[in-house]
Amino acid sequence: MLFRGRRERLGTAVRQAADTGFTVLDRRLPAAEAAKVLLRKAFPDHWSFLLGELALYSFVVLVLTGSWLTLFFDPGTREIVYHGSYTPLQGLPVSVAYDSTLHISFDVRGGLLVRQMHHWAALFFLSAIGVHLLRVFFTGAFRRPREINWMIGVTLFLLALLEGFCGYSLPDDLLSGTGLRTANSIVLSIPVAGTYLSYLFWGGSFPGHVLNGRLYILHVLFLPGALIALVAAHLVLVFYLKHTQWGGPGRTNRTVTGRPLFPHFTAKSTGLLCMVAGVMAVLGALAQINPVWEYGPYRADQVSTNAQPDWYVGFLEGALRLMPPWETRAAGHTVMWNVLLPAVVLPGLLFTLLYGYPVFERWVTGERGESHLCDRPRDNPTRTGLGVAAVVAYAVLLLAGGNDVVAFSFHLSVNALTWLLRVLVVLGPVAAFLATKRLCLALQTHERHVLEEGEETGVVRQSVYGGLEPQRAEVRIDRRYRFLVRDLPRPAPPPERAAPRRVRLRAALSRWYFARREELPTTPEQRRHIEEALAEPERRRS
């Protein structure tokens, strides 16, 4: 009884202190109003929206484990003799950075676990961002008013790639040193400015002695700061613009449905954070990754073999391996097309397309209102086909990044495999685009048949004359809603002959995008409901 009374008094005191503190804060800041708005913010329930949260929580694990590793890591390149716990390397000359990495892995309690958690979380972070960007692209969630948020997401992906490469290069082992040698060749391939940039980054001829320290500052200070700022801006825009949602009864461009932030979403999101951290801990404990002690310290006259870079830069490795050995010599200069095109032009083109696609599609479709309902990929066959073609091209380049390992494992000719992949990287995306577009149109055709004939029930009746007829039922309301509510613009009409070239190009692209579709049967009342569901929110109309 004594302890129960004390607990009750303590609980009362805590509640009173919290009430007093909140009252004091609310008198000076709009705390109550902000809390009311934030705590009732609706969040989607569909599993596909968890991809962004997976990226966020893996980033949290990255920051926590990286902060811990910073306490023990030294990025110095000064050469010393190794006298640590790993016997096979004792007595060998190594850099301070490599010695520091081995010290964390073998001599710091829990060091190897945290280091491997950090590496797995980095791979998971980039994977989650990439898949999240694909989800946004295929569902059209980048359209007005979310173009800026799409560009922030692409910038996050770009900075995450750079952050991963910096961290991957810090241990100064033979694998990361080989990657830096490749990076140096890429920088040198830039016409005119390449030699100056190489001197600026490396402080002289490769391998230099200043790059590792600069990569360390980028990795632990500038890039994490930029990532945190962009993540914060991304989340603020998500709160302000509201989330997109899949179509369904009661879900329109004017309404937002979902679970409130507190307590439903908070509980689910906290559980997801714990699951992500737990998975990273299990992988860090059981799945070995980047064993730098097996590669050995970096030597400029040696190259690592039978080792591949992390997946996020694997497509660059593949592009370099597939590019023919083309060079041009003119006026005393050599232009290395075999490095410049796959390693500079290709990624530059990739991110230019990613940044500009929302503007391009909006130009093709014309001035249209806001879109808060997600497109089903089948309803926009051209965009879906382009996305699948890009994924196939990326997959071929990623496979090409390990063509030597694949050839050795399956007893194939490296040259034959390289030529096969060169053909696939050109024809594969084209075939994928055509097949995907045809599949989307076929799915639309199936939906038209379902609306016209009804849903199959699985019951077959036999008439008195012996004929068999499948029984069909009326399409459910929620399914009919998903079929019919489609935010698809009409293709632009053919322009006049005297129209400017820009207008004719836009009309041709509009027909290419939207001319092929299956028109679904609707009644006048259904068309009125569809127009109401797709109507632009009143408060955002100009």
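We number each residue from 1, following the sequence as shown.
When the salt bridge (charged side-chain N to carboxylate O under 4.0 Å, His left out) test is applied to Glu53, no partner is found at least two apart in sequence or on another chain. The ring-ring contact (aromatic ring centres under 6.0 Å, His included) test applied to Phe222 returns no partner, not counting sequence neighbours. Residues satisfying the ring-ring contact (aromatic ring centres under 6.0 Å, His included) test with Tyr312, not counting sequence neighbours, are none.
Residue-environment remark: CZ (Arg259) stays at or below the threshold of 12 foreign heavy atoms within 6.0 Å. No more than 12 heavy atoms of other residues, nucleotides or ligands lie within 6.0 Å of OH in Tyr199, so this atom counts as exposed by the packing criterion. When the shell of 6.0 Å around CH2 of Trp512 is examined, it contains more than 12 heavy atoms from other residues, nucleotides or ligands.
In this structure, OH in Tyr98 is found 15.0 Å from NE2 in His103, a value given to the nearest 0.5 Å. From Asp172, atom CG reaches atom CG of Leu175 across 11.5 Å, with rounding to the nearest 0.5 Å.
A salt bridge links Glu361 with Arg383: at least one charged nitrogen is closer than 4.0 Å to a carboxylate oxygen. Ion pairing of Asp375 with Arg486 is absent here, as no side-chain N (NZ or NE/NH1/NH2) approaches a carboxylate O to less than 4.0 Å. For the pair Glu147 and Arg143, the salt-bridge criterion is not met [side-chain N within less than 4.0 Å of a carboxylate O].
Ring centroid separation for the pair Trp293 and Phe106 comes in under the 6.0 Å cut-off. Aromatic ring centroids of Tyr216 and Phe73 lie under 6.0 Å apart. For Phe315 and Trp311, the ring centers sit 6.0 Å or farther from each other.
Of the candidates Gln116, His118, Arg115, Thr65 forms a side-chain hydrogen bond (donor to acceptor under 3.5 Å, both in side chains) with just one, namely His118.
Residues Phe138 and Arg376 fail the side-chain proximity criterion, which asks for heavy atoms closer than 4.5 Å.
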